[in-house]
Every structure is written in structure tokens, then in C-alpha cells.
Undergrad: 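Quick one: structure below, then a few questions.
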Amino acid sequence: MVSENPFAALQTEVQNVLEKALKKAFPAILVRDLALEKPPNPEFGQLASSLCFELAKQIGEKPIALAKRIVKAVNKSEFSLIETAAPAGSGYINFHANFARFSALTINSASQLGTEYGFIKVAKPLKIIVEHTSANPLHPLHIGQARNPMLGDALARMFKARGHEVFRHYYIDDVGRQTSVITYGYEKLGQPKPEGKPDHFLGKIYTITSCLVEINRLKKELERAKALKADEEVTKINRELDDWVSVAAELKDRFPELFENLLEKISKDKNPEDAINKLNRGYEEGNAKAKRLIRKVSELCLQGFKDTLSRVDVFYDSWDWESDLVWSNRVAEVLQRLKTMPYVFSLGGVLEFDAEKVLRELDLRKKLGLKEDHEVSPLTLVRADGTTLYTTRDIAYTLWKFEKADRLVNVIGMEQTLAQLQLKIALHALGYGKHADNFFHFAYNLVTLPGYKMSSRRGRFITFDEVMDEAVKRAYEEVSKRSPQLSEKEKQEIADFVGIGAVRYALVEVDPSKPVEFTWDRVLNFEKNSAPYIQYTHARACSILRKAARKPKKPAYELLGEKLEHEIILALAIFPDTFIEASEFLKPSLIADFANAVSDKFNTFYNALPVIKAEPQGLSDARLALTDAVRLVLRNALNLIGIFAPEKM
RNA sequence: GGGCGGGUAGCUCAGUACGGACAGAGCACCGGCCUCCUAAGUCGGCGGUCGUGGGUUCAAAUCCCACCCCGCCCGCCA
């Protein structure tokens with residue numbers, strides 16, 4: 001017998017039995033919801049009902065008395081996966097599984113379904129676009145941004161396993177002013193060939209250029225403010241200027257040659273600000289020279305991103321250029337339609353979108369889950385000079401994506417919650433209510449550094465590459481210490497998947513709504529509750545199977561009588577439900593927790609009970625089959641969050 | 001001022017959607033376990049006003065109300 005969801009099979013049986021018993025014991029009573037719970041302790045069985053507490057109110061008897069009466073009415077001849085039903089505590093009804101059957105069902109199911117075990121498909125698959133990372137091509141990905149691809153990729157893997165058709169998109173924001181800043185600096189240097197990794201090289205240019213330009217601008221503003229005798233403003237500008245001057249000193253210290261070079265070239269320019277604005281405008285207008293330059297810089301930087309992300313096995317189906325959207329007139333078209341809406345108004349040459357009015361007139365607050373007094377501020381669509389803003393272009397991008405997919409999941413930091421909400425409201429305003437319902441902002445909190453604030457504009461950050469390098473280095477030291485007998489090649493391979501796995505796990509395991517404080521110890525944890533711990537458990541299971549060197553011929557599942565064994569089986573049986581919950585509620589951390597819990601139980605089992613040498617043979621075979629199921633489930637779970645499951649380490 | 005997150009053991013966090021049995025892990029600290037299938041393991045000990053106060057309920061970390069603390073957002077930036 002095989003079930004794609006063994007635990008659900010047990011649950012259904014319990015529900016049926018309970019419903020009939022209830023009807024028999026209390027024919028007059030109608031209970032709508034027979035929801036079952038998972039008892040906190042295995043001694044209380046595998047499923048329980050607390051319906052007697054509810055019932056007690058209606059009938060006026062003690063819950064435990066009712067529980068006893070219902071249990072008495074239970075028809076035991078219908079038991080298959082159930083062993084016993086018993087009243088317990090002050091009024092619970094506890095159901096114990098018949099493990100002889102339940103173990104067989106669970107282990108056989110895992111074994112039969114193999115790499116598909118747990119991955120229950122939806123009835124109606126959707127086309128889903130997961131947009132994630134989408135970092136501006138200005139500097140290398142840093143640890144603060146790294147949470148994004150880890151979560152986004154895990155979501156994409158989960159949706160795919162759920163049966164959806166998934167497309168991973170990267171939105172390249174090359175139209176913003178910052179892209180022109182870096183390109184300006186790059187051009188001033190004579191478009192050099194990158195030394196080292198291109199994103200790292202360009203990141204230095206960006207930081208220095210941006211800093212010098214900022215200082216230049218502030219100086220001009222300062223003079224203007226002084227001339228106007230605006231004392232308060234002078235103080236404010238001075239403070240900002242001090243900040244940037246100290247950043248400049250820092251950068252000069254770190255990259256003396258490049259700094260001097262850029263300083264010399266940029267100071268020759270009378271008005272860098274103008275040059276940058278011109279470049280920016282030219283790019284939006286599709287000017288050939290601007291296009292060539294900016295695309296070249298962006299492509300170089302993206303190449304660096306691709307290299308970094310391929311180390312963590314993150315790949316994309318589509319790289320979407322914001323500029324393409326602008327040049328193809330899609331932005332203009334959306335704008336045209338927005339202008340005809342009663343929610344868009346012009347204010348001194350600036351086009352504004354009245355999100356508040358949309359909420360009110362279309363009565364959306366409740367639908368969007370907003371409080372009655374939640375006011376949403378207006379969104380500026382077009383500047384006085386006629387250029388568009390980021391969110392405006394994002395509306396066009398969103399509609400473009402909806403031509404290709406039924407559902408969008410945007411993995412974007414929670415600081416953009418308002419902008420994403422305004423975008424969703426704009427979809428409603430444009431008459432795309434259905435699309436809006438399928439538009440999800442998957443928000444995550446920041447990664448912070450202890451001690452100082454990460455600032456990409458100031459060049460103060462730890463790059464994702466550095467983190468991975470360090471992780472692999474530490475993993476190498478670890479593996480050398482633990483397994484000195486391995487060959488150099490093996491050690492390096494192990495160090496790689498252990499180090500990278502540890503990083504991935506650390507960034508996926510914490511609930512995305514919580515901020516993560518980055519510390520090396522946290523991310524490079526190789527002990528319990530880490531990827532290496534789970535990987536090690538998987539390798540350990542593989543090792544047992546290898547040493548056994550035989551297939552379990554006649555597993556006697558009824559002999560798996562230990563509490564530990566039952567707990568493992570229950571955990572394996574619950575994998576399909578865990579997977580469904582994780583993918584439906586967008587919670588990759590559940591998968592990490594699950595894999596950790598299974599490992600935990602299996603290691604306890606490993607220490608307490610023999611597998612290969614167990615007597616009789618039927619028990620040994622059953623434990624071998626159990627070990628194989630653990631191996632399989634761990635591998636399937638790790639796959640979902642993009643972590644490699646090694647057979648040896 | 002308004003909105004959105006968060007506040008659970010010394011530290012890092014599960015658990016909150018859908019209220020249920022004594023609130024769970026890991027790290028740190030203390031003490032055991034490798035002639036036995038991988039010790040990246042395992043067993044035991046230590047550790048809690050679930051931010052505060054009220055309310056609803058047979059039952060509240062979980063739901064409701066008020067307040068306090070931390071972060072983010074409220075831009076003709078992205």
C-alpha cells in the first residue's frame with residue numbers, strides 16, 4: 001500500500017471514526033468543525049480531538065465524561081491505521097496509530113515515490129514568476145542582499161515541486177540615476193578592463209565616483225546656502241559634507257591609486273552633475289552612445305552577479321532590462337491609460353496617483369486586509385521634467401509579467417512595502433483586480449552588521465563572495481581536522497558544499513520578517529541546527545546503507561516498536577503536509593526546521609539502536625528501510641532549499 | 001503624527017494564520033559517552049514575569065483593546 005500523504009491517510013481515518021462515534025453517542029448534536037490536533041507529546045498519541053470541551057458547554061457535562069462516552073461509541077472494527085482511541089486528560093480523545101501498518105505505509109510510500117515523495121501537486125498548476133534579487137548593477141552583492149536570492153530561489157524550487165510552472169526573473173534597474181553615476185566614472189577612467197571580478201572592480205569605481213560627485217554637489221549647495229544666509233541649512237549641509245569627506249578619506253586609504261586617478265579626472269570636469277544627468281536623460285531617450293556605455297557597465301557587473309549566484313546554484317530564466325521597457329513605449333502606454341483615470345491628477349506639472357481615492361471608491365481596504373484608518377499616501381508618477389519614477393516603470397513591468405504568468409511573487413525588502421502596496425492599488429485602478437489578487441510582495445527584513453551600519457553607497461559592506469570564501473575556508477579547516485584521511489580533492493569538494501550549504505541554511509532558516517544580525521559564528525555554524533548537521537546525518541544514513549550492502553528483503557515493520565522509531569516514522573509521514581504548508585504560505589524556513597528535526601531524531605536513533613546488526617533479520621531489514629526513507633526525505637527537503645545532500649563527508 | 005514589521009531562556013531563534021495538555025530548539029556554561037553502522041554526533045544538568053496592563057474564554061505566547069521599547073517606510077530616490 002502506498003499513499004502520497006501517509007499522515008493525511010491516518011487523519012482521514014480518525015476523522016471518519018470520530019464523526020460516526022459522535023453521531024452514535026450524541027445524535028442530536030451537530031459539530032461543524034472536527035479539527036484534529038497534533039498532541040504535544042507522543043504519549044498522547046498521534047492525533048487528538050478537543051471537541052469535548054466545546055461539547056461540554058452545550059450539554060452541561062464534564063468534558064472527560066463526554067470523551068469516555070464517545071470513545072465507547074467508537075467502532076473498532078473500522079480501525080486500520082488506528083490502534084486505539086482513548087479519553088485523556090481533562091477531556092481529550094487521543095488516537096494512537098497502529099504502527100505496524102502506519103510504518104509500512106510511510107516507509108513504502110517514501111521508497112516507492114522516491115524523489116517525488118512529499119511533493120504533492122496542486123490540482124491546477126499556475127504559471128508563476130518569482131522575481132528576486134534584482135540588485136542594481138553598481139557594486140558586488142553584499143550579505144544584506146544575499147538573503148534575497150536564498151529566499152527567492154527556495155520559493156521557486158518549492159513552487160516547482162508543487163507542480164507549478166515557474167520562471168525566475170531578474171529585474172535590472174539600469175534606468176536610475178546611480179547607473180549613470182557609475183558609468184560616468186567608468187568612462188572618465190577610459191573604460192578600463194576590469195581587474196579581478198568585474199562587479200568588485202566596478203563597485204570601487206561606483207563608490208568613489210559617487211562620493212566625489214556628492215562632495216562636489218554639497219559644496220555648491222553650501223555656497224548657495226551661505227549666500228542666502230540660510231544658517232540652518234548651512235549647518236545641515238556641513239554635517240552631510242563632513243560625513244562624505246570622511247568617507248572619501250576612508251576610500252582614499254583603501255584604494256589609493258584608483259581614488260587619485262578618479263579624483264584627478266573628475267576635478268577637471270566643471271560640472272559632473274550635469275554630465276551625469278545628461279547621460280541619464282540620453283539613456284532614457286535611447287541615445288546610442290549612452291546606450292552603449294551604460295549597457296557595457298551593467299553587463300559587466302551582471303556577469304559578476306551571475307558568477308556569484310552560480311556558486312549557490314541560483315540561476316534565472318529571464319533577465320529583464322528596465323530600459324527595454326522604457327524604450328518599447330510600454331511605460332508611456334501605461335502612463336497614457338493612467339492619465340485617463342479619475343485617480344490621477346496633475347499638481348504643478350507633476351503627475352500624482354491618488355491611491356487613497358482608489359481604496360475608497362473601489363472599496364478595497366477590506367479586500368487588501370487594510371485597517372479602516374490605514375491611509376495610503378499618493379504616488380508620484382512623473383516628475384516635472386517629464387521623466388518617470390521607479391514605481392511607475394514597475395507598474396509597466398508588472399503588467400508585462402502578467403502577460404506571461406498567472407501569479408507574481410516579488411521578493412523585495414520590507415522597506416518597499418508601501419511602494420509595493422501602491423503598485424497593487426494601481427493594478428486595481430487600471431481594472432486588473434484579478435491580477436492584483438495574484439500579486440504578492442514577499443517581504444524580508446534586513447541583514448545588519450553588529451557595530452556599524454552597512455551602507456552600499458559608502459562602500460561599507462561585506463560582500464556575498466567574501467562570506468562564501470570564508471565559509472568554504474572554515475569548512476576546509478573543519479574537514480581537514482575531522483577527516484584527515486581524505487584526499488585533497490575530496491576535502492575541497494566537501495568544504496565547498498558544506499560552506500555554501502551553511503550560508504544558505506543560515507539565511508533561509510530565520511523567519512524573513514525578523515532582522516538577521518550577521519556574525520560569522522552564526523552563518524558559519526557547523527553544529528546542530530545547521531546545513532552541515534543535516535548533511536552529515538544524510539551522509540551517515542548513506543554510510544549505513546553502504547556498509548549493509550544489501551537490500552531489505554523482508555522488513556518486519558511490526559518490530560519497529562521503539563518510541564524513537566515511531567517518532568522518526570511520524571516525522572517522515574508529516575513531510576508532505578509540511579511541504580504543502582511551506583509552499584502555500586511561502587515559508588521556506590519550515591523546510592529547514594523539518595530537516596533539522598528529522599536529523600535530530602535519526603541521530604538519537606543512530607546512537608541508541610543498531611541497524612545492520614539488529615536481530616532478527618526482519619528487524620534489521622525494517623531499520624534499513626527506515627534509514628533509507630530518512631536519507632530520501634532529507635535529500636528531498638534539502639533540495640527544496642537548494643542545499644546539496646552528500647553521500648559522504 | 002500616521003502606517004508596517006518585531007519584542008518568548010544570558011545570546012540567536014521555533015511556536016502566533018486556525019486558542020488546547022507541563023512554552024520548545026540551538027549557542028554559551030557544567031558533567032558523562034568512541035575495542036560498537038561517520039563524535040560535524042549523543043546523554044544529562046543549568047536556564048523563562050512569552051514587552052506591560054486590561055478584556056474575551058472551560059482554556060491565551062496565540063484573539064480583542066490600550067500603552068511601552070526597537071527597526072523600517074511615509075521623496076519630483078530606488
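Just so it is clear, the values below take in all heavy atoms, side chains as well, and ignore hydrogens, waters and symmetry mates. Lettering of chains follows the sequences in order, A, B, ..., and the numbering in each one begins at 1.
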Undergrad: Could you state the atom-to-atom distance from CZ of A:Arg522 to P of B:C11 in whole Å?
TA: 14 Å

Undergrad: Expressed in angstrom and rounded to an integer, what is the separation of A:His441 atom NE2 from B:G5 atom C1'?
TA: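 That distance rounds to 12 Å.
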
Undergrad: Give the rounded distance in Å between these two atoms: OH of A:Tyr92 and P of B:A59.
TA: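 It is 12 Å, rounded to the nearest whole Å.
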
Undergrad: I need the residues from residues 493-502 of chain A with at least one non-hydrogen atom less than 4.0 Å from RNA chain B; give them sorted by number, or say none.
TA: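 Those residues are A:Ile494, A:Val498.
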
Undergrad: Looking at CG of A:Leu138 and SG of A:Cys301, how far apart are the two atoms once the value is rounded to the nearest 0.5 Å?
TA: 6.5 Å

Undergrad: Distance between the P atoms of B:U12 and B:A28, in whole angstroms?
TA: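 15 Å, rounded to whole Å.
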
Undergrad: Base, sugar-phosphate, or nothing for A:Glu415, non-hydrogen atoms under 4.0 angstrom?
TA: sugar-phosphate

Undergrad: Please say whether the positively charged group of A:Arg540, taken as NZ for Lys or CZ for Arg, lies over the ring of A:Tyr606, i.e. under 6.0 angstrom from the six-membered ring centre and within 45 degrees of the axis.
TA: yes

Undergrad: With a 4.0 Å cutoff (strictly under), does any side-chain N or O of A:Tyr606 reach OP1 or OP2 of B:C36?
TA: no

Undergrad: Using atom NZ of A:Lys514 as one end and atom P of B:G26 as the other, report the distance to the nearest whole Å.
TA: 18 Å

Undergrad: When only distance counts, do a donor and an acceptor, one from the side chain of A:Asn603 and one from the base of B:A39, lie under 3.5 Å apart?
TA: no

Undergrad: Can you check the A:Gln535 CD to B:A40 P distance for me, whole Å?
TA: 14 Å

Undergrad: Identify whether any heavy atom of A:Asp174 sits under 4.0 Å from a base atom; if not, whether one sits that close to sugar-phosphate; answer base, sugar-phosphate or nothing.
TA: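 No contact at all - A:Asp174 keeps every heavy atom at 4.0 Å or more from the nucleic acid.
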
Undergrad: Aromatic contact between A:Tyr533 and A:Tyr536, with the criterion being ring centroids under 6.0 Å apart: yes or no?
TA: no

Undergrad: Rounded to the Å, how far apart are A:Lys528 NZ and B:A39 P?
TA: 15 Å

Undergrad: Classify the nucleic acid contact of A:Gln416 as base, sugar-phosphate or nothing, counting any heavy atom under 4.0 Å across all strands shown.
TA: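 Base contact.
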
Undergrad: A:Ala625: which residues meet the side chain to side chain contact (heavy atoms under 4.5 Å, CB included) condition with it, sequence neighbours left out?
TA: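 Only A:Ile107, A:Pro552, A:Tyr557 meet the side chain to side chain contact (heavy atoms under 4.5 Å, CB included) criterion with A:Ala625.
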
Undergrad: Could you tell me the separation between the CG atom of A:Asn529 and the P atom of B:U42, rounded to a whole number of Å?
TA: 12 Å

Undergrad: What is the pairing partner of B:C27, taking Watson-Crick or G-U wobble pairs with both distances under 3.5 Å in any strand?
TA: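 By the stated definition (distances under 3.5 Å), B:G10 pairs with B:C27.
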
Undergrad: Is A:Asn41 touching bases, backbone alone, or none of the nucleic acid, heavy atoms closer than 4.0 Å?
TA: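 A:Asn41: base contact, heavy atoms under 4.0 Å.
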
Undergrad: Hey, is the side chain of A:Glu581 pairing donor to acceptor with the base of B:A17 inside 3.5 Å?
TA: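 Answer is yes: a donor-acceptor pair is held.
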
Undergrad: Kindly say whether A:Val411 contributes a backbone atom to a donor-acceptor pair with the side chain of A:Asn148 at under 3.5 angstrom?
TA: yes

Undergrad: Mind calculating the distance between OH (A:Tyr533) and C1' (B:U12) to the nearest angstrom?
TA: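 One finds 18 Å between C1' of B:U12 and OH of A:Tyr533, rounded.
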
Undergrad: Please list every donor-acceptor pair under 3.5 Å in which a side-chain atom of residues 44-52 of chain A meets a protein atom from a residue at least two apart or in another chain.
TA:
| residue | atom | partner | partner atom | Å |
| --- | --- | --- | --- | --- |
| A:Gln46 | OE1 | A:Ala97 | N | 2.8 |
| A:Ser49 | OG | A:Leu51 | N | 3.1 |
| A:Ser50 | OG | A:Glu37 | OE2 | 2.7 |

Undergrad: Which nucleotide, in any strand shown, forms a Watson-Crick or G-U wobble pair with B:C36, with both distances under 3.5 Å?
TA: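 Result: none.
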
Undergrad: Between A:Asn410 and A:His441, is there a side-chain donor-acceptor contact under 3.5 Å, judged purely by atom types and distance?
TA: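 On atom types as modelled, these side chains do not qualify, holding no pair under 3.5 Å.
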
